[in-house]
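Here the structure comes first, spelled out in structure tokens, and everything after it is commentary.
Treat the numbers as computed from the prediction; the structure is a model and nothing was measured.
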Amino acid sequence: MAPKRPLDSETVQESSKAAKKAKTKAARLIDIQQTEKTAAGPSRPSSTVRFTADSLKGLPNSIDVEKFVEARSFEVGAMQKAMQTAREDASKRVWQTLPRHMRRRTASHDSTRVPVRLREKARAEGLVICQMDPVKKRKKLNALPKRGRTEIGRTAKLLKRQQEKTWLETHIWHAKRMNMANLWGHRLAIHPTEKSFRPSHRASLHGSIVQDVSYYGVLELKGPDDLVKNILSQCCDPQSALFSHCYTSGARACDTHIYQTAAFPFGLICPCTLIWRPYNTAAEDIETARSAAARVVWFHVHPAAFLDVHAAVQTAASHAIADCKRQGSEIEITDLRGSINAFEIMGPRASQVLTGALKVTKDARPGRKAWNALAKISSSASMPKGMVVGLQVFDPRLSFPPSNTRLPEVDQQPSAPAFSVAPSAEIALSEIWQEKVRENVKKPRFTKKDLDERRNKNLVPGTRLQPQSSDARIPILLIQRSISPVSGLSGSSGLSDPQMHGYLLLFPAGWSMSFWSSITHTGTRVGGLREHKSQRYESGMPHFPEDYVGTQSYDLHWEKRATEESEKWERTPKAKKPPYDRMPAPSRSPGHEVLWKPDWDGILGLVAKQDIPILGKEPDLIPTQRPDDMDRILDSIIQEGTSELEDDGDVAWEGIGGNSNSSGPDLQNRNGPWVLHSTHATNLLATLSSSSVSAHLEVLRHINGIRVKRGLRPLPEDDAENLTNSALVAVKIELCGRGTPDDISVIYDASADLGESGEPAWNKMMTEMIENGSKHDDDDHGKISTPDSSRIIGYVTSGTFSLMKGKGAALGAVSLVGLIAIVQRDAK
């Protein structure tokens with residue numbers, strides 16, 4: 001009987017084993033150095049080697065280690081290479097040996113997706129070259145559009161996809177490497193697709209990380225000096241040193257908050273960066289001299305609140321013009337969105353990245369002194385905070401690829417100053433303020449193809465192009481940025497949060513990809529909105545709009561998030577989701593579901609219109625928080641004979657102590673919560689804890705003192721109680737033990753229940769029940785595991801594990817009334 005034919009699988013298995021064996025053997029080969037003797041023929045060593053006393057006479061008494069290692073450098077390198085090759089051959093394929101930023105999904109089966117130096121090895125592993133059939137490729141290129149249809153170009157196709165949102169100039173680059181989302185009318189990058197959360201954090205502390213923040217809008221305000229200052233007094237935070245000479249001269253940028261017109265402390269819109277155009281005292285032409293008479297201010301605003309800021313500035317401008325007695329005064333408000341782009345580069349290596357990627361023109365500008373000093377500092381923290389430097393740079397593509405600048409040796413200049421250039425208006429001068437200059441350089445003069453043709457003409461390959469008179473000169477503004485923690489608010493440990501420093505680079509539109517390619521080629525990491533928020537969270541600063549309670553953008557953000565999370569919870573099977581429908585809602589408002597968003601009106605005692613029962617229609621339902629003057633209001637209603645109110649759908653309590661005829665902000669703005677920022681919160685709490693005066697009057701006096709300094713009318717005494725009850729204080733929270741707080745976590749006042757060990761009584765009870773193994777019903781879960789809802793004093797706005805602190809931390813806000821009670825109780 002003839003033997004059976006071996007199966008195909010067995011043949012394939014034997015051939016694969018033989019190929020793997022040959023591959024492993026080839027990986028374990030060690031290179032040898034070719035010499036004259038080895039070239040003539042391999043020399044075989046003798047079978048026996050004899051050592052005698054005479055054979056040791058030729059050896060030296062001592063050896064030079066450096067020369068010995070140099071003579072054996074080839075052998076050492078061959079051994080290390082063989083060890084690495086054998087290790088990688090045993091556990092990794094070719095595409096796995098690449099760094100993460102160079103890996104591609106198709107590289108696991110297509111050798112053309114692997115770098116050229118590794119393609120031969122990839123083909124040996126069995127990867128094929130996925131190439132299109134030449135016949136099909138020719139037919140595809142020569143294909144004509146169907147009859148009656150016109151061919152649409154690539155630019156038209158991309159513009160058609162931007163009807164509902166706006167793309168940044170670096171959108172295509174980000175879309176290949178980042179997770180994208182539609183936010184605030186733009187298509188923005190959320191975070192990189194690779195695992196880079198911790199590396200991005202390390203880069204912001206020890207390296208550099210860049211983000212395209214061109215989605216921020218720029219609003220230009222132009223007019224006489226007195227009118228511009230009057231407008232800023234009405235809509236900017238009066239607590240900031242807005243009109244200091246260092247800001248109004250244009251030498252530094254001012255970080256402040258924008259409020260609705262004359263509504264401080266209510267009506268907060270968003271944080272903002274103000275940049276004043278410096279005086280040009282050396283103006284030669286008439287047009288520049290005329291423009292120098294009018295002051296120009298730029299508002300660098302978040303896109304979520306850009307329209308609100310625009311409306312607030314317009315309202316303040318109309319009030320300023322109406323109050324101005326001078327005839328012919330004009331105010332110009334210009335929307336510069338789409339005209340100015342911006343990059344934010346954070347980290348200590350940001351100075352070396354910028355000086356290596358950009359080349360400044362060789363002209364006699366004062367900003368060049370600051371640029372030369374910039375290359376000598378080890379961190380951007382050495383530069384004065386908010387310093388503005390005006391420069392003019394060449395096309396970055398001329399000097400591509402860039403190389404980071406190296407710091408000078410510290411030992412050579414031990415007493416050299418960190419940054420020897422002081423902020424001044426001359427250094428901040430830049431042509432980017434002129435609209436004609438921005439329009440002239442809006443589009444690069446030469447394409448990449450033109451520059452490549454110029455490179456081909458160089459005698460030495462790889463030589464950088466020399467700038468010519470026809471090459472563009474791009475004006476830029478470089479602003480020092482510091483992410484500093486909120487002053488006066490420290491954590492429980494007493495340690496201050498780290499500060500992150502970097503730069504904000506402003507340049508004309510049309511040059512984003514030219515700048516981006518050079519900056520990212522230096523090795524700096526690229527971040528998205530997640531990294532942008534993480535930097536502020538680790539520094540103890542609130543991030544807009546998630547942490548700015550009381551703003552319209554905050555409400556819209558949480559409304560959208562609550563809808564998404566509730567829909568996701570509804571889609572989840574019942575056995576795989578928490579029973580939120582059976583758990584008590586941690587709220588003070590009856591019937592208010594706060595499972596998905598905070599209930600600020602409930603903890604502050606503010607009653608929303610949609611939740612208020614009409615008096616006389618539902619007498620059994622009363623608010624859980626009765627205001628102090630509710631009896632006075634009810635008595636006045638009874639005396640006037642109006643014990644019942646008509647249910648017209650608009651009748652509601654508009655706030656306690658409200659007066660529509662009072663001076664100051666209107667009644668609509670005084671109903672929502674407002675937040676105390678900066679060191680004024682700490683100073684006010686210290687005053688309230690030691691003062692015998694009523695807290696309502698002390699808060700009113702404090703706020704009126706700030707308003708009067710900016711020329712605003714003081715609030716009436718009738719608003720004292722409503723002002724105090726609706727106040728919130730921004731706080732930072734650090735956990736003493738294990739655990740990580742999450743967003744919308746509830747903050748309780750547990751000071752009254754602290755035992756001898758500092759542990760709340762309700763927490764101690766739960767611990768004992770778990771240790772004893774006792775059970776309890778789901779209905780009693782809220783009564784035992786959490787305190788009473790009347791103890792709620794605030795919520796967490798951003799909470800997660802802090803990489804800097806190594807434990808759970810959070811940012812949040814608590815009621816001013818509840819915090820005053822805690823401070824006074826601790827003082828006793």
Side-chain angles (χ1 to χ4, degrees), residues 100-101 103-105 158 161-162 164-204 207-217 270-271 301-306 337 341-347 481 483 500 502 504 512-513 516 519-520 524-539 541-548 553-554 556-568 596-597 740 742-744 797-803 810-811:
R100 290 188 178 272
H101 69 278
R103 296 183 185 180
R104 298 294 180 267
R105 182 184 303 174
L158 296 180
R161 296 166 58 185
Q162 304 180 41
E164 298 180 357
K165 69 270 187 184
T166 303
W167 286 4
L168 303 183
E169 295 181 11
T170 58
H171 169 78
I172 296 180
W173 191 96
H174 282 90
K176 296 177 180 179
R177 302 165 178 86
M178 315 278 277
N179 289 340
M180 312 295 289
N182 295 332
L183 291 173
W184 313 306
H186 295 79
R187 185 72 174 174
L188 302 180
I190 304 301
H191 60 83
T193 54
E194 63 176 357
K195 297 180 180 180
S196 61
F197 185 77
R198 288 177 180 267
S200 298
H201 173 70
R202 289 193 294 265
S204 59
S208 61
I209 183 171
V210 62
Q211 182 192 5
D212 188 355
V213 292
S214 300
Y215 56 90
Y216 270 68
C270 68
V301 187
H302 194 276
F306 185 86
R337 287 181 296 180
N341 294 341
F343 292 163
E344 189 177 73
I345 309 173
M346 304 301 297
R481 299 277 284 187
I483 306 179
M500 298 185 184
L504 178 65
S512 286
M513 280 308 303
W516 188 260
I519 292 176
T520 55
T524 181
R525 299 198 68 89
V526 180
L529 291 177
R530 183 188 65 180
E531 286 72 22
H532 192 265
K533 179 181 178 181
S534 176
Q535 293 171 9
R536 279 142 186 82
Y537 167 76
E538 296 291 347
S539 299
M541 277 193 64
H543 185 262
F544 186 83
E546 295 91 340
D547 300 324
Y548 279 80
S553 301
Y554 172 87
L556 294 176
H557 168 77
W558 280 104
E559 285 289 345
K560 180 181 178 181
R561 180 170 174 177
T563 303
E564 294 176 353
E565 293 187 357
S566 61
E567 292 177 353
K568 181 180 179 181
W596 315 113
K597 60 180 181 179
T740 301
D742 200 356
D743 297 348
I744 332 177
T797 56
S798 294
T800 183
F801 183 83
S802 175
L803 298 178
L811 297 176

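- Distance NE2/His186 to CD/Gln162: 10.5 Å, rounded to 0.5 Å.
- Of the candidates Tyr548, Tyr554, Phe544, Phe544 is the only one forming a side chain to side chain contact (heavy atoms under 4.5 Å, CB included) with Cys270.
- Within the 4.5 Å cutoff, side-chain heavy atoms of Phe343 are placed close to those of Ser512.
- In terms of heavy-atom proximity, Phe197 sits nearest to Ser534 at CZ-OG, 4.1 Å.
- Residues Ser553 and Ala305 come closest through the heavy atom pair OG-CB, 3.9 Å.
- For Glu559, the salt bridge (charged side-chain N to carboxylate O under 4.0 Å, His left out) test picks out Lys597, with sequence neighbours left out.
- In terms of modelled atom types and a separation under 3.5 Å, the side chain of Ser214 and the main chain of Ala342 share a donor-acceptor contact.
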Q: Go through the steps for Leu183 and Tyr215 under the test side chain to side chain contact (heavy atoms under 4.5 Å, CB included), then give the verdict.
A: CA-CA 10 Å; Leu183 291 173; Tyr215 56 90; over 6 Å; no

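- Under the 3.5 Å distance criterion, the side-chain polar atoms of Glu531 are matched with a main-chain donor or acceptor of Gly528.
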Q) Under the side chain to side chain contact (heavy atoms under 4.5 Å, CB included) criterion, do Ile190 and Met178 qualify, and how do the steps go? A) CA-CA 7 Å; Ile190 304 301; Met178 315 278 277; over 6 Å; no

Q) Going through the checks in order, is the side chain to side chain contact (heavy atoms under 4.5 Å, CB included) test met by Met500 and Glu538? A) CA-CA 9 Å; Met500 298 185 184; Glu538 296 291 347; 3.9 Å; yes

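- Taken from CD in Glu344 to CD in Gln211, the straight-line distance is 6.5 Å, to the nearest 0.5 Å.
- With sequence neighbours left out, the salt bridge (charged side-chain N to carboxylate O under 4.0 Å, His left out) criterion links Arg525 to Glu194.
- Asp742 meets the side chain to side chain contact (heavy atoms under 4.5 Å, CB included) test with Ser745; sequence neighbours excluded.
- Separating the NZ atom in Lys165 from the NE2 atom in His171 is a distance of 7.5 Å, to the nearest 0.5 Å.
- Taking the side chain as every heavy atom from C-beta outward, Arg561 and Asp743 approach each other to under 4.5 Å.
- At a threshold of 4.5 Å between non-hydrogen side-chain atoms, the residues Leu168 and Leu188 count as touching.
- One distance of note links CZ of Arg187 with CZ of Arg161; it measures 9.0 Å at 0.5 Å rounding.
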Q: For the pair His174 and Trp167, evaluate ring-ring contact (aromatic ring centres under 6.0 Å, His included) and give the outcome as yes or no after the intermediate values.
A: CA-CA 10 Å; His174 282 90; Trp167 286 4; over 10 Å; no

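- Among all heavy-atom pairs drawn from Asp547 and Thr797, the shortest one is OD1-OG1, 2.9 Å.
- Formation of a donor-acceptor pair under 3.5 Å by the Ser539 side chain with backbone atoms of Arg536 is not found in this model.
- Remark: Leu803 CG to Arg202 CZ distance equals 9.0 Å, nearest 0.5 Å.
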Q: Could you go through the side chain to side chain contact (heavy atoms under 4.5 Å, CB included) check for Ser196 and Arg530 one step at a time?
A: CA-CA 11 Å; Ser196 61; Arg530 183 188 65 180; 3.9 Å; yes

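- Note: Trp184 and His302 have perpendicular aromatic rings, judged against thresholds of 30 and 60 degrees for the angle between ring planes.
- The local environment of CZ in Arg177 is crowded, with over 12 non-hydrogen atoms from other residues, nucleotides or ligands closer than 6.0 Å.
- The structure places CG of Asp212 at 9.5 Å from CD1 of Ile519, a figure rounded to the nearest 0.5 Å.
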